[in-house]
Every structure is written in structure tokens, then in C-alpha cells.
Protein chains: 2
Amino acid sequence: MSDLAAALDTVGARWALLVVERLLDGPQRYGDLQRDLGVPTNVLATRLRELEAAGVLTRLPLRHNTRAYALTDRGLALREAIVALARWGAEQT
Amino acid sequence: MSDLAAALDTVGARWALLVVERLLDGPQRYGDLQRDLGVPTNVLATRLRELEAAGVLTRLPLRHNTRAYALTDRGLALREAIVALARWGAEQT
DNA sequence: GGTCGACACTTGCAAAATGCAAGTGCGACG
DNA sequence: CGTCGCACTTGCATTTTGCAAGTGTCGACC
């Protein structure tokens, strides 16, 4: 499997990169991600589980039933790729 | 819609970026893409149609019922993003 | 002139992913 | 004790993806 295929295998699912992009601004809570992105709640829960399993993000317990999601170093390393893709998306010629 | 969401809207579908990556090496024929990538033929046909409609690639007629797919400038502009993603995928720490 | 093979798809259908709406558990607060 | 906010889960319809087989066309060969 090529390197690109490997990358897409972990962050190629729908909403995955958008979640990571949102977390580039710092840790966010579940409800914030849901409202900001408009992602269906069950899909968000699935993605967060997958991205955590892939070592892209971690859960930070805040209070009782409140936690925040934060990028790991591996997650932060996606910044370049996300910026490149976003710039391409902005060039609607 | 954010720039990233716009980008993913056109190249976020499964196999789309892998097709583009393959075309970075130069124009390829349908059968080549299919064999090299292992993508299901109906999905490949759909992606090529979508990517052509999005202005990412064009069809080059070669002989009778043979044509090649080549990236447009807009398609070539994806190189940076693809390289960044592939490098991230290669860093399996 | 008929047959065969290569090429680029299309079609039919099953499986998986996604989306929507409603429901669940649980601690805090009144 | 009841209600609220938060982080999910669950059930089900819709869409996407994948697999296998079939179609049309043209050139080469017999």
C-alpha cells in the first residue's frame, strides 16, 4: 500500500480531516465540534474513536461527563497537508 | 463552507486522490489506472467523470476506443497536498 | 466477411458507510 | 426529587462502495 493510501486509510473517511482541522485551533469538546462542523452525531462519535485509535488525537477529561479532544503530535503533523488542501480548495478558478 | 470542505467536496471521495496521484506521473489509460490501483471499475468510471467535471483532469483521445486521462493545471496543483499527505502517511511512528 | 481479442466502460445486486431523529446515562444544580 | 446540559447510542432510511458479469466498438487476423 502506498504512503498516500496509508494516510487516506486513517484520515480519508468523511469528516475526519475537518475534525482535525478544527482541532488545530486547540482542544474542543464534543458538542463544539458537532455544532461547528454540522457533522451527524453518530458519525462524529465514530470518527473520534477511529482517530483516537490511530493516535491522531486524545481525550482530555475535564469535568464529570465533559471532555475535550486534542491533537497528538501525529495529529498536529497533519497541519501541512490540511493547509495545502485548503489552499487548493480556495483557488476556485 | 470552508476551503478544506470545498477541497474535500471535489477530491474527498474514495479513490479520488489516489487517481490524481497516479496521474502525477503523466497521462494514464483507464485499464492502467484500474490495474495499478485495484479500484473497482464502476467506481473508477464515476471518479473520472466527477474529476473531469471538476476540471481536475481531461480525456485525451488516443486511438479508436483508447484514451488517456491527464491532469489539468488545477489537477497538477494538487501535487503539494498529495505529497504532504503521503509524507504524513509514511511517518508511521 | 466473419471471428477474436483488447479496451473502456455499464449494469445488477449485495454490503458497508453515512445521515437523521430520537433515546439513554449521569452528575450538577435547584 | 426533578430538571438540565453533555456526551454519546440506537434504529432505520438513504447513499456510496464493491464485486461480478455483460455490452459496444474497433482493429487484427484467418
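What you are looking at is a predicted structure, and each value in this text was computed from that prediction instead of being measured. Below, chains carry the letters A, B, ... as their sequence lines are ordered, and counting in each starts from 1. Atom set for the values below is all heavy atoms of this structure, side chains included, hydrogens, waters and symmetry mates excluded.
- Identified under the side-chain hydrogen bond (donor to acceptor under 3.5 Å, both in side chains) test for residues 5-18 of chain B, with sequence neighbours left out: none.
- Residue A:Arg49 places none of its side-chain N or O atoms closer than 4.0 Å to OP1 or OP2 of D:dC8.
- Partners of A:Arg35 under the side chain to side chain contact (heavy atoms under 4.5 Å, CB included) rule, at least two apart in sequence or in another chain, are A:Asp32.
- Protein atom CD of A:Glu50 is 15 Å distant from nucleotide atom C1' of D:dC8, rounded to whole Å.
- Using a 4.5 Å heavy-atom cutoff, the side chains of A:Leu33 and A:Leu48 are in contact.
- For B:Arg22 (side chain) and B:Gln28 (main-chain N/O), no donor-acceptor pair under 3.5 Å exists by modelled atom type.
- Looking at heavy atoms from C-beta onward, A:Leu78 lies in side-chain contact with B:Leu85 at the 4.5 angstrom threshold.
- Atoms CD (A:Glu52) and C1' (D:dA7) sit 14 Å apart, rounded to a whole Å.
- Remark: B:Arg74 engages no residue in a salt bridge (charged side-chain N to carboxylate O under 4.0 Å, His left out) (not counting sequence neighbours).
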Next item on the list: Summarise how protein sits on nucleotides 23-30 of chain D as a single string, 5' to 3': B when a protein heavy atom is under 4.0 Å from the base, S for sugar-phosphate-only contact, - for no contact.
Entry: -BBS----

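- With sequence neighbours excluded, the residues that form a side chain to side chain contact (heavy atoms under 4.5 Å, CB included) with A:Glu21 are A:Leu18, A:Ile82, B:Ser2, B:Leu4.
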Next item on the list: Could you go through the side-chain contact (heavy atoms from CB on, under 4.5 Å) check for B:Leu44 and B:Leu37 one step at a time?
Entry: CA-CA 10 Å; B:Leu44 178 57; B:Leu37 298 176; 5.6 Å; no

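- Within the structure, salt bridge (charged side-chain N to carboxylate O under 4.0 Å, His left out) contacts touching residues 84-93 of chain B (residues at least two apart or in different chains) are A:Glu80-B:Arg87.
- For the pair B:Val11/B:Leu51, a side-chain contact is recorded, criterion being any heavy-atom separation below 4.5 Å from C-beta on.
- Nucleic acid contact for B:Thr66: sugar-phosphate only, since backbone atoms but no base atoms lie under 4.0 Å from a heavy atom of the residue.
- In this structure, the side chain to side chain contact (heavy atoms under 4.5 Å, CB included) partners of A:Leu62, at least two apart in sequence or on a different chain, are A:Arg29, A:Thr66, A:Ala68.
- The phosphate of D:dC8 has neither OP1 nor OP2 within less than 4.0 Å of any side-chain N or O from A:Arg47.
- Atom pair A:Leu60:CG and D:dA7:P shows a separation of 12 Å (rounding to whole Å applied).
- Heavy-atom contacts of chain A under 4.0 Å fall on DNA chain C between two terminal nucleotides, which in 5' to 3' order are C:dT18 to C:dG27.
- No contact: B:Arg63 has no heavy atom under 4.0 Å from any strand.
- Less than 4.0 Å separates DNA chain D from at least one heavy atom of each of the following residues of residues 12-40 of chain B: B:Arg14, B:Trp15, B:Pro40.
- Looking at residues two or more places apart in sequence or on another chain, you find a side chain to side chain contact (heavy atoms under 4.5 Å, CB included) between B:Ala13 and B:Arg47.
- In this structure, A:Arg59 places its CZ atom 11 Å from P of D:dA7, rounding to the nearest Å.
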Between the protein and nucleotides 2-4 of chain D, list every N/O to N/O distance that falls short of 3.5 Å.
none

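- The side chain to side chain donor-acceptor pair (under 3.5 Å) check on B:Arg59 picks up B:Glu52, B:Tyr69, with sequence neighbours excluded.
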